[in-house]
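The block underneath contains the structure these notes are about, expressed in structure tokens.
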Amino acid sequence: MNKRSFIKSLGVGSLALVQPGMAARAAAPLAATPLRRTSHRVWINPDPKDADADIQQRYAAYRKAGIADIYFEADSEKHFRIAKKNGINAHRWIWTMNRGEKDLLAAHPEWYSQNRKGESCATHPPYVDYYRWLCPSKPETLNYLKEQVSMQLSKDYVDGIHLDYVRYCDVILPVNLWSKYGIDQSRELPEYDFCYCDTCRNAYKEKTGKDPLELEHPDQSPSWRKFRYDRITNIVNNLALVAKQHKKPITAAVFPTPEIAKRIVRQDWTNWNLDAVNPMIYHGFYREDVSWIGDAVAEGVKGLNGRFPLYAGLFLPDFNGNMADVKRAVQLAVQNGAAGVSLFGNVTPEVLEAIS
């Protein structure tokens, strides 16, 4: 199932799955700060049945609107080459830790994460059937992912790799999704708390002398949290080395702010060795209004401290066709330090005009 199908399955109009002091910047009058030169990005799932002429027309319009990079969720050489012909960088967008391929599940169920109850994602996927999370501590997982990334980057029409689902399973979903699953996640529940497999427990015990399962409150342990942040960071930074060997950029879709990313999915993305990051600042998922996009960007930019550029991810269905709000979201993002925005959803001519 691709990410578009996932969002459709949620049945909500908004993807799951800040420092208060920065709010003043986001709240400043939009006309007060001149916009810097920007470029934008878009996530799409290419349809191989599209006619060449239609693709050409679409990507020419994208480039004219300032879209310089496309993240393609599937491999379609035709789409990639036409994008490149129009001066757009074509990146292969892949699922990273969430890998539910039937052949992989059948061959290596031991590679998959276990929750605090001892249940494996291979047999007890959380939330939805395709949530099958690999354990980031296992050397086999890293080697497998390195092979997958190298295979994609070896293609001459692929300009870069874009990582998605590069995290643990959501221990807490955005609040707008609680009713979808009929759960109250005001605290961490053991069935959604990963990973407690023998590999992770032994590595943590070797480091600290403690078994995480024997901690009175493992969900409150700073060292156990950091251990898991570092497991994902190790995966990303090793994949970054593969990208460097191919002399191509590596980027990632991440949760909206450094604080939310750490708390909800154990993602410490300000410490990753990337060329750019795309926080999914999907305001509807968090029951926030458009102004929060500026706050979230400001927090992320501050955390990165200039290491690499940030492109604010916008979920177009959250705007309900209000192009004035789309335009305002772009302005807020750029004024707070974003290098541009990344669009997810139906990129209509009206959207292209709003971001131009």
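Just so you know, residue 1 is the first one in the sequence shown, and it goes up from there.
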List the atom pairs, donor and acceptor, that lie under 3.5 Å between side-chain atoms in residues 238-247 and the rest of the protein, sequence neighbours left out.
residue: N238; atom: ND2; partner: N234; partner atom: O; Å: 2.9
residue: N238; atom: ND2; partner: N234; partner atom: OD1; Å: 3.1
residue: H246; atom: NE2; partner: S150; partner atom: OG; Å: 3.0

inquiry  = Are V277 and I94 connected into the same hydrophobic cluster when the rule is that any two of I, L, V, M, F, W, Y join if their side-chain heavy atoms are below 4.5 Å apart?
reply    = yes
Do R167 and N98 pair up side chain to side chain, a donor and an acceptor below 3.5 Å, judged on atom types alone?
no
Task: Hydrophobic cluster identity match, F227 and F194, side-chain contacts under 4.5 Å - done: no
In this structure, would L189 and I264 fall into the same cluster of hydrophobic residues linked by side-chain contacts under 4.5 Å?
yes
The complete set of salt bridge (charged side-chain N to carboxylate O under 4.0 Å, His left out) pairs with one or both residues in residues 49-61, sequence neighbours excluded, reads D47-K49, D50-R58, D52-K78
So salt bridge (charged side-chain N to carboxylate O under 4.0 Å, His left out) across residues 126-135, not counting sequence neighbours, yields D129-R132
* Treat each ILVMFWY residue as a node, draw an edge where side-chain heavy atoms are under 4.5 Å apart, and state whether Y311 and V326 are in one component. => no
Residues 331-356 vs salt bridge (charged side-chain N to carboxylate O under 4.0 Å, His left out), sequence neighbours excluded, gives none
### Task
Look only at the side chain of S39 and the backbone of G66, and say whether a donor-acceptor pair between them is shorter than 3.5 Å.
no
Sorted by chain and number, sequence neighbours left out, side chain to side chain donor-acceptor pair (under 3.5 Å) with K84 holds for D159
Between H108 and W111, how do the two ring planes meet: parallel, tilted or perpendicular, split at 30° and 60°?
parallel
CA sep, side-chain torsions, deciding dist, call: T348, N346, side chain to side chain donor-acceptor pair (under 3.5 Å):
CA-CA 6 Å; T348 63; N346 186 18; 5.7 Å; no
* Does the ring center of Y157 lie less than 6.0 Å from the ring center of H79? -> no
With sequence neighbours left out, the residues meeting side chain to side chain donor-acceptor pair (under 3.5 Å) with S186 are D184
request  = Give a yes or no on whether the backbone of E191 and the side-chain of N115 come within a donor-acceptor separation of less than 3.5 Å.
outcome  = yes
Applied to residues 220-237, the salt bridge (charged side-chain N to carboxylate O under 4.0 Å, His left out) test, sequence neighbours excluded, yields E188-R225, D193-R228, K226-D230
Sorted by chain and residue number, the salt bridge (charged side-chain N to carboxylate O under 4.0 Å, His left out) partners of D219 (sequence neighbours excluded) come out as none
Side chain to side chain donor-acceptor pair (under 3.5 Å) filter on H162, not counting sequence neighbours, yields W43, T251
- Donor on one side chain, acceptor on other, D211 and Y196, under 3.5 Å: no
The ring-ring contact (aromatic ring centres under 6.0 Å, His included) partners of H124 (sequence neighbours excluded) come to none
Original post:
Quick check, are the ring centers of W292 and Y286 under 6.0 angstrom apart?
Top reply: yes
Measure the acute angle between the ring planes of Y282 and F344, then classify it against the limits of 30° and 60° as parallel, tilted or perpendicular.
tilted
Checklist entry - Are the side chain of N237 and the backbone N or O of N273 linked by a donor-acceptor pair below 3.5 Å? => result yes
Those residues at least two apart in sequence (or on a different chain) that pass ring-ring contact (aromatic ring centres under 6.0 Å, His included) with H40 are none
Open item on the list: Under 4.0 Å between a side-chain nitrogen and a carboxylate oxygen: does that hold for R81 and E77?
Closed with: yes
Hits for side-chain contact (heavy atoms from CB on, under 4.5 Å) against D268, two or more places apart or cross-chain, chain-then-number order -> Y229, T233, K262, T270, N271
message: For F308 and W269, I'd like to know if the aromatic rings sit close, meaning centre-to-centre distance below 6.0 Å.
response: no
inquiry  = Is there a path of hydrophobic side-chain contacts, each under 4.5 Å between heavy atoms, that joins M151 and W95?
reply    = no
